[in-house]
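In what follows, chains carry the letters A, B, and so on, assigned in the order in which the sequence lines appear, proteins first and then strands, with residues in each chain numbered from 1. Source: prediction; values computed, not measured. Basis for what follows: all heavy atoms, side chains included, without hydrogens, waters or symmetry-related copies.
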Number of protein chains: 2
Amino acid sequence: MTDQHPSTPDEALPGEPSGGVRRARAALGRAVRSTLPGRGEARRAEERTLPEATVARLAVYLRVLSVLAEQGVTTVSSEELAAAAGVNSANLRKDLSHLGSYGTRGVGYEVAVLVDRIEGTLGLTRRLAVALIGVGNLGHALAGYGGFATRGFHIAALLDADPARVGERIAGLTVRHSDELPAVIRELDIAIGVIATPAHAAQDVCDQLVACGVTSILNFAPAVLAVPDGVDVRKVDLAIELQILSFHEQRKLRPGGPLEDVG
Amino acid sequence: MTDQHPSTPDEALPGEPSGGVRRARAALGRAVRSTLPGRGEARRAEERTLPEATVARLAVYLRVLSVLAEQGVTTVSSEELAAAAGVNSANLRKDLSHLGSYGTRGVGYEVAVLVDRIEGTLGLTRRLAVALIGVGNLGHALAGYGGFATRGFHIAALLDADPARVGERIAGLTVRHSDELPAVIRELDIAIGVIATPAHAAQDVCDQLVACGVTSILNFAPAVLAVPDGVDVRKVDLAIELQILSFHEQRKLRPGGPLEDVG
DNA sequence: AGATGTGAATAGTTTCACAGCA
DNA sequence: TGCTGTGAAACTATTCACATCT
């Protein structure tokens, strides 16, 4: 996770030297599964809730599988796919087993089948509408990003609080004023809000999104957002990513740590 | 974690509908601590290795603390700081306890002291040099981002493989050709490489960085990077973040899951 | 009183290792 | 024989609960 900037060039990205939240409220999604005591009847052995970590990796598998499909590969073993995705093969198998059994012992998985299952699981067949608030430096970059439309999403609206920016056309869309946010959300049935404003405006925009019923937010502003239960916020914070790398970089230098490894 | 694009507008960000890796190789940094059998002598009870999760949160605390410091706040309780950072207070206390005891029972923590401790721990006193490869849509945005310099880092070089881009001046720097990467790394003592190229070029750039001794990489390209042990790669992938949100969005809709919660 | 620091309990995740099917 | 699917073990991380100190 990492992040960028807001509507006004500079001051945008994780401005302060501080860090950001990797995934703020995402905790909600935890593999719920109550396991209430006093019950144990016929419990649907279905695909209940997936572990958060698995969900994140499914997206990775999907990307790798898409590449394989393009190359004409029709079958992969867990070993191959895991290697390409950078994970342990047992981990991969367990992840996939949560979707049900779609592999063939002694052979492997059919690429096309897996792609379908994962897309279905992630809900990528619906093509959710995304609103991007803040078309500054980063906002522009995000708006121009082609990957959005590729599968599952499309940017339906661009908004900015700066009157000078309103009316500008970016990637086929006209920037509208932030005041129109509620109307835009309802008109276009926005499911996901992407915040790319300066830090000081982020909480405000977030509150508006939530007030309008948006429960999925991707935050690029260097600020910790407070949201009610039921709302998922994921944060992308460049400063934090760099700081984490800095920490490890430092550890590599001073031979204070390795000492433990030796004896 | 999320990501963006490359040097060429479009096709940049997590292009394919697939996802990306949250933190590829970062696994290295795991709280190492071997616990070799057959030993147990006098072991320095020092601030050995911090848990990965703690490192990530320290960056968050730092940001919150910076804001508090600006506001003139000099003392905070774990409860207050935890609320501002969006974490559990016990979790916060445990995180901080890893740095040593810098709080006062019955009172709380001194903001200035904590800031110092955290900056020291994350190695933010050294101001590492960062090279940004790929100045496309996203690269531009990142280069223009003010937060870099704020503390701990500075973009020392911009590179791109497109001759048309070489020579362009962005944020006070002149874009140099990718071929100069080795020279640039040595000249400027680059510690961190930020990859913002199209997916197809990412592994190549990564390999060059590694060959030149860079062991910390932040990858914005929608590709899984393979690196040798000892190299930390963190990935920022927009498509994956959106897909994770999509998954939860889907779960909210169909009342299949909640059933479990009820009984 | 009030808040830190931390052992113990709990929860979540990864990895192993192998039974079982193709 | 080969690879999936999965119980069990190992690890990591979070939360509780309270002794401890100011």
Side-chain angles (χ1 to χ4, degrees), chain A residues 21-35 37 45 47-58 60-61 75-83 85-111 113-114 117, chain B residues 21-23 25-37 45 47-58 60-61 75-83 85-111 113-114 117:
Chain A
V21 182
R22 217 158 26 138
R23 44 177 150 121
R25 282 274 105 177
L28 270 202
R30 295 270 171 68
V32 192
R33 166 153 313 213
S34 359
T35 314
E47 35 139 314
R48 279 286 145 258
T49 315
L50 279 72
E52 265 301 300
T54 294
V55 175
R57 280 189 300 266
L58 286 179
V60 178
Y61 304 154
T75 302
V76 270
S77 67
S78 62
E79 206 72 57
E80 296 167 326
L81 185 51
V87 304
N88 178 297
S89 67
N91 200 346
L92 165 63
R93 288 198 299 277
K94 183 147 287 184
D95 284 341
L96 295 183
S97 76
H98 283 119
L99 315 189
S101 277
Y102 291 100
T104 308
R105 298 179 191 223
V107 181
Y109 301 89
E110 258 199 68
V111 173
V113 173
L114 273 194
R117 295 312 306 161
Chain B
V21 183
R22 215 159 31 140
R23 45 177 150 117
R25 280 274 105 175
L28 270 202
R30 295 270 171 69
V32 191
R33 170 151 313 211
S34 1
T35 315
L36 311 187
E47 34 139 316
R48 277 289 142 260
T49 315
L50 279 73
E52 265 302 300
T54 294
V55 174
R57 280 190 300 265
L58 286 179
V60 178
Y61 304 153
T75 302
V76 270
S77 67
S78 62
E79 207 71 56
E80 297 166 326
L81 185 51
V87 305
N88 176 297
S89 66
N91 201 346
L92 166 62
R93 288 198 298 280
K94 182 146 287 185
D95 283 342
L96 295 183
S97 76
H98 284 120
L99 316 189
S101 275
Y102 292 99
T104 308
R105 296 178 192 226
V107 181
Y109 301 89
E110 259 199 66
V111 174
V113 173
L114 273 194
R117 295 311 307 161

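- The heavy-atom pair separating B/S78 from B/L92 by the smallest distance is O-CD2, 3.1 Å.
- With rounding to whole Å, B/E79 atom CD is found 14 Å from D/dA17 atom P.
- Rounded to an integer number of Å, the gap from CG of B/L96 to C1' of C/dT6 is 13 Å.
- The side chain of A/N91 lies closest to C/dT14, out of D/dT14, C/dT6, C/dT14.
- One interatomic measurement links the two molecules: OH of A/Y109 to C1' of D/dG2, which rounds to 13 Å at whole-angstrom precision.
- Computed from coordinates, the A/R57 CZ to C/dT13 C1' distance equals 8 Å when rounded to whole Å.
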Worksheet item: Can you check side chain to side chain contact (heavy atoms under 4.5 Å, CB included) on A/L50 and A/L99, steps first, answer last?
Response: CA-CA 9 Å; A/L50 279 72; A/L99 315 189; 3.8 Å; yes
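- Put simply, the side chain of B/R105 and the base of D/dT22 share no donor and acceptor less than 3.5 Å apart.
- Considering only side-chain N and O atoms, A/T104 lies nowhere under 4.0 angstrom from the phosphate OP1 or OP2 of D/dT4.
- The side chain of A/S78 places no N or O atom within less than 4.0 Å of a non-bridging phosphate oxygen (OP1 or OP2) of D/dC3.
- Note: CD (B/E52) to P (D/dA13) measures 8 Å, nearest angstrom.
- For A/N88, the side-chain atoms get nearest to C/dT15 when compared with the rest of C/dT15, C/dT4, C/dT14.
- Note: CG (B/D95) to C1' (C/dT4) measures 14 Å, nearest angstrom.
- Within the structure, every side-chain polar atom (N or O) of B/Y102 is placed at least 4.0 Å from both OP1 and OP2 of C/dA3.
- For a distance-only test at 3.5 Å, the side chain of A/R93 qualifies as a donor-acceptor partner of the base of D/dG5.
- The NE2 atom of A/H98 sits 10 Å away from the P atom of C/dT14 (whole-angstrom rounding).
- Counting heavy atoms from C-beta outward, A/H98 and A/L58 have side chains that stay 4.5 Å or more apart.
- For D/dT14, the base has no donor-acceptor partner in the side chain of B/K94 [N/O atoms by modelled type, under 3.5 angstrom].
- Out of C/dA3, C/dT14, D/dG5, the shortest distance to the side chain of B/S77 is found at C/dA3.
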Item to complete: Assess whether side chain to side chain contact (heavy atoms under 4.5 Å, CB included) is satisfied between A/Y61 and A/D95, documenting all intermediate values.
Response: CA-CA 10 Å; A/Y61 304 154; A/D95 284 341; 2.6 Å; yes
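- Taking atom CG of B/L58 as the reference point, atom C1' of D/dA13 lies 14 Å away to the nearest angstrom.
- Nearer the 5' end of DNA chain C, as judged by each residue's closest nucleotide, is the contact made by B/G106, out of A/T54 and B/G106.
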